[in-house]
S.K.: 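A single structure is presented below for examination.
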There are 2 protein chains.
Amino acid sequence: MKALSKATIYQVAQLAGVSIATVSRALRDSDLVTPETRERVRAAAEELRFTPSRPARSLAEGRHAANGIVFPDLVGPYYAEVVLGYEAAAAALGSSVLILATNGRRDPAAAVRELAGRVDGLAVMGRTVDDDVVTGIASTGLPVVLLARDPVDGVDTVRTGNTNTARALAEHLLGHGHRAITFLGDPSSSPDVAGRFSGLKAALASKQAHLTLVRGTGLDLDAGCAAAPEVLASAPDAVVCANDEMALGVLLAAEEAGLRAPQDLAVTGWDDLLAARFAGLTTVRQPMRELGATAARWLDKRINEPPSQRTAARRRILATEVVIRRSCGMHEEVHP
Amino acid sequence: MKALSKATIYQVAQLAGVSIATVSRALRDSDLVTPETRERVRAAAEELRFTPSRPARSLAEGRHAANGIVFPDLVGPYYAEVVLGYEAAAAALGSSVLILATNGRRDPAAAVRELAGRVDGLAVMGRTVDDDVVTGIASTGLPVVLLARDPVDGVDTVRTGNTNTARALAEHLLGHGHRAITFLGDPSSSPDVAGRFSGLKAALASKQAHLTLVRGTGLDLDAGCAAAPEVLASAPDAVVCANDEMALGVLLAAEEAGLRAPQDLAVTGWDDLLAARFAGLTTVRQPMRELGATAARWLDKRINEPPSQRTAARRRILATEVVIRRSCGMHEEVHP
DNA sequence: TTGAAAGCGATACCAA
DNA sequence: TTGGTATCGCTTTCAA
């Protein structure tokens, strides 16, 4: 019942009375072994509780059978969902998954490079490391997929729609009669935020509307609360927030200031957190798991691609959906 | 600028005009090398963009420099936060992190065993694999820490308080005058739920209160909604839910049935999701990151522990905190 | 069908 | 201080 030190292939070979080559074959279901031999080896392996050493296999095979994913953190459901989708897809393809959260790291670039040495492919999300780090790793020949991040030459990228969705959101707000619109969020903080802002700007450009930008100091609830005074000072009909957390912060602060949504002020977010549903927040839903899953599948393709006929870098934008709730203006019917 | 195939230590050695042993020493800052030799090697390594092969190192050193964590999924902030705490602590200790989500797997046990072969230590959360799998892996000599899960002989365990907190929650509800209390959640679905139920039961035993158990069919929002009719049929003053999601589901369903919390019905949850704050849900807050971080630190200790003087299995229960909001009964002041 | 042996790319011991 | 080399545990030709 105890097997404190792991058995090696040599011990199995000896116990089964065969060579290590045969053990290797038998255990990997090569059809070059007699059923009886295979059985003998199986029994020996079982008795010794033998599990092949992963490093040894990787060294011999020249592959890790593992993929990595790099994200800023796991605060909020966004990244967690992406990671989950990635893990599930990778698992289905036979790969283990290594994770790396860059927030709070001393040297994210170094951490990512070290991770790169442990995997056959790497997914890198926005707001983690600079493009040159990505380029450096990709030039190694290691397959890389960028997630929710501006494309880099020669590297695959998967994103969710921002610009078009922002446009749709803008049109909905205009339909409510809102004309003084304030965007809360720092476009320079992430490509996603930048896309949302520029989409909004574009949609409003040709209309009789006025757009104000308030950057705020982060992307969380507190940042939303903190920025609220400045937002309210811009006297908006509607506040389009870069994400749900900020929107919820604004909602909280507005309420404290005696303002109600949507009667006094329309507010929208982005991400469709569970909390958004309870706050009645109009927001945008994204296919986060699909985002992660796509990355894992693309990586797998790249890994098993003959290096000779390497295809060009791929780009994909996954569709998002505006979720209308009560915070954006008075509706006859509210979707819960 | 391109280095499509990775350089090996041999190439560096050749370029620097030294032996591979010297390269190894120079790059690992051994003080057995002349500063000038070190510099020559450094330069060569840089020129070739050399990174030591991880499998080769692991094979030679006999360690992976990686830890694993096993959880059911990453839905909701609970597991995500635990994983984040784990990753951060592991990183600080120089370990990479492999993750494994068991939900949706064909053969979780096999997946966990395979993971075990890739790591120096493993954290296993509740509701993932059976005790015998854990025992089997631990008997290998691989350090294992159990998280939010009933202890297994000889294996370290870290949990958050359930029983005592449930008692505190019960007393608060009694203080509100609630006497007919229904618990929603299946105690057999997880040790946490079991602890919460038994704590509640114990606290209510000696009081003039009546406790009903409604198991429900899961732990998510929909399960809460679905179970609501049965819950309401038990005509409770208060519903103590196994977690926030179920509680939010009950809240939603109750509202649809024309009941309001807390006037008509008190509802409490567990986990303190962001959504709980916006739903005004009384709940319980747990130190989730600390849970994960503790596991990572304990594993590190075990890994660097002389096998000879192995200490006994450790147990720890981290304190939790009841968060009073408006859903549990009328208060003079509401904590937001 | 099986076995012997050559890698895979590092680490670390033993000499020099 | 440096180099030569055994070793880690497996996969995979190449012969037999």
Side-chain angles (χ1 to χ4, degrees), chain A residues 3 5-42 44-45 48-66 94 114 116-120 140-142, chain B residues 3 5-42 44-45 48-66 94 114 116-120 140-142:
Chain A
S5 53
K6 333 63 191 144
T8 73
I9 199 174
Y10 290 90
Q11 312 182 27
V12 177
Q14 181 167 36
L15 181 58
V18 297
S19 74
I20 61 166
T22 300
V23 173
S24 179
R25 291 187 194 108
L27 263 28
R28 345 185 69 254
D29 294 307
S30 160
D31 43 343
L32 293 169
V33 277
T34 316
E36 35 187 66
T37 308
R38 184 196 313 290
E39 199 37 58
R40 201 142 37 92
V41 172
R42 278 252 160 79
L48 266 40
R49 294 183 166 289
F50 170 72
T51 312
S53 149
R54 203 42 256 192
R57 283 190 62 166
S58 295
L59 183 55
E61 292 179 334
R63 43 186 255 99
H64 304 273
E114 128 79 26
R118 299 175 162 272
V119 298
D120 302 319
T140 289
L142 186 79
Chain B
S5 53
K6 332 63 190 138
T8 74
I9 197 173
Y10 291 89
Q11 313 183 28
V12 177
Q14 182 166 37
L15 182 57
V18 297
S19 73
I20 61 166
T22 299
V23 173
S24 181
R25 290 186 196 108
L27 262 27
R28 346 183 71 257
D29 292 307
S30 161
D31 43 344
L32 293 168
V33 276
T34 314
E36 34 186 68
T37 308
R38 185 196 314 291
E39 200 36 58
R40 201 144 35 91
V41 173
R42 278 254 161 77
L48 267 39
R49 295 184 168 287
F50 169 71
T51 312
S53 147
R54 206 36 262 191
R57 285 190 61 168
S58 294
L59 183 55
E61 292 179 333
R63 39 185 265 100
H64 304 272
E114 128 82 23
R118 298 175 161 272
V119 297
D120 301 318
T140 290
L142 186 80

S.K.: Over all heavy atoms of both residues, which pair between A45(A) and V12(A) is shortest? Give the atoms and the distance, please.
M.R.: N-CG1, 3.9 Å
S.K.: Hey, which of these two, T51(A) or T37(B), hits DNA chain D nearer its 5' end, going by closest nucleotide?
M.R.: T37(B)
S.K.: Nearest heavy atom decides the nucleotide; on that basis, is S19(B) or S53(A) closer to the 5' end of DNA chain D?
M.R.: S19(B)
S.K.: Side-chain contact, heavy-atom cut-off 4.5 Å: L142(B) with V119(B)?
M.R.: yes
S.K.: Figure out the CG/P separation between L48(A) and dG9(D), and round it to whole Å.
M.R.: 13 Å
S.K.: If you look at every heavy atom in A7(A) and L48(A), which pair is closest and at what distance?
M.R.: CB-O, 3.6 Å
S.K.: To the nearest Å, how far apart are K6(A) NZ and dC10(D) C1'?
M.R.: 16 Å
S.K.: Can you name the residues that form a salt bridge (charged side-chain N to carboxylate O under 4.0 Å, His left out) with R40(B), not counting sequence neighbours?
M.R.: none
S.K.: Take Y10(A) and R40(A), find for each the nucleotide of DNA chain C with the closest heavy atom, and name the residue whose nucleotide sits nearer the 5' end.
M.R.: R40(A)
S.K.: Figure out the CZ/C1' separation between R57(A) and dC10(D), and round it to whole Å.
M.R.: 9 Å
S.K.: For R57(A) and S53(A): C-alpha separation, side-chain torsions, deciding distance, then whether side chain to side chain donor-acceptor pair (under 3.5 Å) applies.
M.R.: CA-CA 6 Å; R57(A) 283 190 62 166; S53(A) 149; over 6 Å; no
S.K.: Please identify each residue that fulfils side chain to side chain contact (heavy atoms under 4.5 Å, CB included) with E39(A), with sequence neighbours left out.
M.R.: R42(A)
S.K.: Expressed as a whole number of angstroms, how long is the span from D31(B):CG to dT1(D):C1'?
M.R.: 11 Å
S.K.: Identify all pairs in which a protein N or O lies below 3.5 Å from an N or O of nucleotides 12-16 of chain D, and state each distance.
M.R.:
unit_1	atom_1	unit_2	atom_2	d
dT13(D)	O4	R25(A)	NH2	3.2

S.K.: Donor-acceptor pair, distance only, cut-off 3.5 Å: does the side chain of S58(B) make one with the backbone of P55(A)?
M.R.: no
S.K.: Between H64(A) (NE2) and dC10(D) (P), how many Å, whole number?
M.R.: 18 Å
S.K.: So if I take the C1' atoms of five pairs at each end of the helix from dT1(C)-dA16(D) to dA16(C)-dT1(D) and get each local axis, what angle do the two axes make, rounded to 10 degrees?
M.R.: 40°
S.K.: Is a donor on one side and an acceptor on the other found under 3.5 Å between the side chain of T34(A) and the backbone of E36(A)?
M.R.: no
S.K.: Check whether D120(A) reaches the backbone of R63(A) with its side chain - one donor and one acceptor, N or O, closer than 3.5 Å.
M.R.: no
S.K.: So which heavy atom on G117(A) is nearest to which on R54(B), and how close?
M.R.: O-CB, 3.5 Å
S.K.: Which is the 5'-most and which the 3'-most nucleotide of DNA chain C that has an atom under 4.0 Å from a heavy atom of chain B?
M.R.: dG9(C) to dC13(C)
S.K.: Looking at residues at least two apart in the chain, or sitting in another chain, which of them share a side chain to side chain contact (heavy atoms under 4.5 Å, CB included) with I9(B)?
M.R.: I20(B), V23(B), S24(B), F50(B)
